[in-house]
Amino acid sequence: MRYSPFKILLYLVATLLVMLGVTYFSTSRKLDNGKTQEGFFVGNVHIKYPTHESFLQEQSHDPSKIKSLDSIVENIEGLVKDLDKDISEPDSKPKIPDFTKIDTSKVQRIKYPKDRQVFIAQLRENLQSNQCRIIHYGDSQLEGDRISGYLRNRLQGLYGGTGPGFIPIVQVYDQISANVTHSDNWTRHAYFDPTQVKFPHKKYGAYSSLSRFTEAYETVDSLLLDSLKITKATINIGIPTKSYPLLKTFNTIGLHYGNAHAPTTVKVYNDGQLIKSEKLIADGAYHEFAINLANTPSNLNIELESKISPDFYGLTLDGKGGVSLDNVAMRGSSGTIFAGTNSGNFQKMYQQLQPKLLIFQYGGNSVPYIKDSLEVVEYAGYLKNHINWVKRKSNNAKVIFIGPSDMTTNEKGKMTTYPLLPYLNKTLQQMCTENGIAYWSMFDAMGGENSMQHWVDQGLAANDYTHFSPSGTKIISELFFLSLYLDIITKK
């Protein structure tokens, strides 16, 4: 049987009209996580189907919203480009921001606890001191020294200091701020990595990870040592080619280690010439093997020999003074792992490092999995406990928390902000201000709800709607730096 084109068209139109009509019988339910489900509900059975409101809803962009988002970026875009030009010059240093070129009212400011002026005064004093170590903890947003590297360069240019700070021996991501390579027998062990079995001693140091060049043993005795052969490992430190100029200069090198129970020799060569030879302290406690040089080494090689490797918490590459800033990126972490590590080991390392400012940047990894407002409050409580645990290990260091960026999810074919993200941002800010912690809302700095879509459209964020692109990283980093600097220079 053959059908005419007219009958086929009539059938299609009728079918579409029926399907449209069914949308008027579809209902909508709001879930605990803020999302909505549409369709037909019979007990626990749910058949997805759009309501007529959502089906006929126009997917339009608010011109005023787009203009507002553009103004945030355009306000400082020129400043960032000027800084990029300065960096290309070998002897250049970051300049003081020219506030005549920007509208400071468009910069999202830091929210401080009740003792705002005391907090800022102490922070100013710390930055201007002879030595100010800053440790920047965060999730994958920090990988590759993103955000930290930009901030470090800005602060060192204004307050002094050189070098990239902390560098893990075994790196799992590209690191442009330092050129550290190693022999093939090194392995990495991170406390925040859920795929790895944790060492029972839980001594992972201040950076929550360690590297080794031999197998680890729970107990070490003379019988075991006699059965093992000596293993050799190397670490090579060169000068990075793509880094900021200030980060390429370092002459104070720290090799941080612990859990050493077997004799370990270390020899340090620069351009093939032996400059230091010692034995590491094999008492199981944390120690720093210091290498102090007159100038930046052109090709530093560290040779280690032992039957059983100590745990090496990483390297610190610093100048003689000024600002040092450590980038500690924890892929997949939500910032709730610190109190699970060994307290004495962590505090011993902090006593050596003496950080004066701690920056925590977490929350993004929790956003997709938080189901309701109760879980938001619980997560903020967990973070509070872990941050306070770390703070107690320091010598009264100041703490700034950077909240999560805007993140979007596909909701009925449209990319929209995760429903509980604004509430999480608000709850984290409240938790911080109640506990003597400053808070900077990256979410609001970007433009607030549904701003991530615009950042992606402008090439400032990746297509995962979570991570910033290289150009976007510079923009968001400058926004944070300006929010900090505006408060530091203000004497009121």
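Atom set for the values below is all heavy atoms of this structure, side chains included, hydrogens, waters and symmetry mates excluded.
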Close side-chain approach of L79 to L482, heavy-atom, < 4.5 Å: yes
Ring centers of Y112, F119 separated by less than 6.0 Å: yes
Heavy-atom check, side chain of Y423 versus side chain of S373, under 4.5 Å: yes
Distance-only polar pair, side chains of Y159 and Q128, donor-acceptor under 3.5 Å: no
D372 (side chain) donor-acceptor with E375 (main chain) under 3.5 angstrom: yes
Ion pair check, D193 and R331, cut-off under 4.0 Å: no
Residues H256 and T316: side-chain donor-acceptor under 3.5 angstrom: yes
Euclidean distance, Q351 CD relative to Q354 CD, rounded to 0.5 Å: 7.5 Å
Where V180 and I169 come nearest, the two heavy atoms and their spacing: CG1-O, 4.4 Å
Partners passing side-chain contact (heavy atoms from CB on, under 4.5 Å) against K426 (at least two apart in sequence or in another chain): none
Sub-4.5 Å side-chain heavy-atom contact between N259 and P310: no
Distance in Å, Y257 OH paired with L304 CG, rounded so as to fall on 0.5 Å steps: 10.5 Å
CG on L123 to CG on L484, rounded to 0.5 Å: 5.5 Å
Cut-off 3.5 Å, no hydrogens considered: what does the side-chain donor-acceptor table look like for residues 265-273, sequence neighbours left out?
residue : atom : partner : partner atom : Å
N270    : OD1  : N299    : N            : 3.4
D271    : OD1  : S298    : OG           : 3.0
D271    : OD2  : S298    : OG           : 2.5

Donor-acceptor contact below 3.5 Å, side chain D139 vs main chain G332: no
Heavy-atom check, side chain of V399 versus side chain of Y439, under 4.5 Å: no
Residue pairs involving residues 347-358 (criterion salt bridge (charged side-chain N to carboxylate O under 4.0 Å, His left out); sequence neighbours excluded): none
S405 side chain near M452 side chain, heavy-atom distance below 4.5 Å: yes
Side-chain donor or acceptor of T264 paired with backbone N/O of A262 under 3.5 Å: yes
Between CG on residue N236 and OG on residue S183, distance to nearest 0.5 Å: 10.5 Å
Main-chain N/O of L421 paired with N425 side-chain donor or acceptor, under 3.5 Å: no
Any donor-acceptor pair under 3.5 Å from D464 side chain to H467 backbone: yes
Main-chain N/O of T336 paired to S334 side chain as donor or acceptor, under 3.5 Å: no
Straight-line distance of S471 OG to I476 CD1, nearest 0.5 Å: 12.0 Å
Of N327, V328, L142, the residue whose pairing with Y137 passes side-chain contact (heavy atoms from CB on, under 4.5 Å): V328
Listed once per pair and sorted, the ring pair (Phe, Tyr, Trp, His ring centres under 6.0 Å) pairs that draw on residues 298-335, sequence neighbours left out: W186-F312
Gap between atom CG of L357 and atom CD1 of I134 - 0.5 Å precision: 5.0 Å
Side chain to side chain donor-acceptor pair (under 3.5 Å) pairs, two or more places apart, involving residues 380-391: none
Residue pairs fulfilling salt bridge (charged side-chain N to carboxylate O under 4.0 Å, His left out) with at least one residue in residues 205-216, sequence neighbours excluded: R212-D311
CG (N292) with more than 12 external heavy atoms under 6.0 Å: yes
Partner set under salt bridge (Lys or Arg N to Asp or Glu O under 4.0 Å) for R146, not counting sequence neighbours: none
D145 backbone acceptor or donor facing S148 side chain under 3.5 Å: no
Test of ring centre spacing under 6.0 Å for W440 and F401: no
K202 side chain to Y191 backbone, donor-acceptor under 3.5 Å: no
Donor-acceptor under 3.5 Å (K198 side chain, Q196 main chain): yes
Close aromatic pair by centroid cut-off 6.0 Å: F192 and Y204: no
Using residues 220-231 as the side-chain source, report each donor-acceptor pair under 3.5 Å to any protein atom, sequence neighbours left out, with the distance given to one decimal.
residue : atom : partner : partner atom : Å
D221    : OD1  : L223    : N            : 3.3
D221    : OD1  : L224    : N            : 2.8
S227    : OG   : L224    : O            : 2.6

Heavy-atom side-chain contact between M442 and L479 under 4.5 Å: no
F481/V107 under side-chain contact (heavy atoms from CB on, under 4.5 Å): CA gap, chis, key distance, verdict: CA-CA 10 Å; F481 166 77; V107 177; over 6 Å; no
Side chain to side chain, S477 and K474, heavy atoms closer than 4.5 Å: no
side-chain contact (heavy atoms from CB on, under 4.5 Å) between L424 and Y379, worked out: CA-CA 9 Å; L424 172 63; Y379 173 61; 3.9 Å; yes
Ring-ring centroid check F346 Y207, cutoff 6.0 Å: no
Selection residues 282-306 - residue pairs positive for salt bridge (charged side-chain N to carboxylate O under 4.0 Å, His left out), sequence neighbours left out: K232-E303
Side chain to side chain, P113 and E434, heavy atoms closer than 4.5 Å: no
Nearest heavy-atom neighbours spanning A397 and L358: CB-CG, 4.1 Å
Inter- and intrachain pairs under salt bridge (charged side-chain N to carboxylate O under 4.0 Å, His left out), touching residues 313-327, at least two apart: R133-D318, R133-D326
Worked check of salt bridge (Lys or Arg N to Asp or Glu O under 4.0 Å) between R116 and D487: CA-CA 10 Å; R116 181 181 188 276; D487 293 329; 3.4 Å; yes
Q453 side-chain N/O to T417 backbone N/O, donor-acceptor pair under 3.5 Å: no
Residues that R392 engages under side chain to side chain donor-acceptor pair (under 3.5 Å), provided they are two or more places apart: none
Sequence-distant partners of D406, salt bridge (Lys or Arg N to Asp or Glu O under 4.0 Å), two or more places apart: none
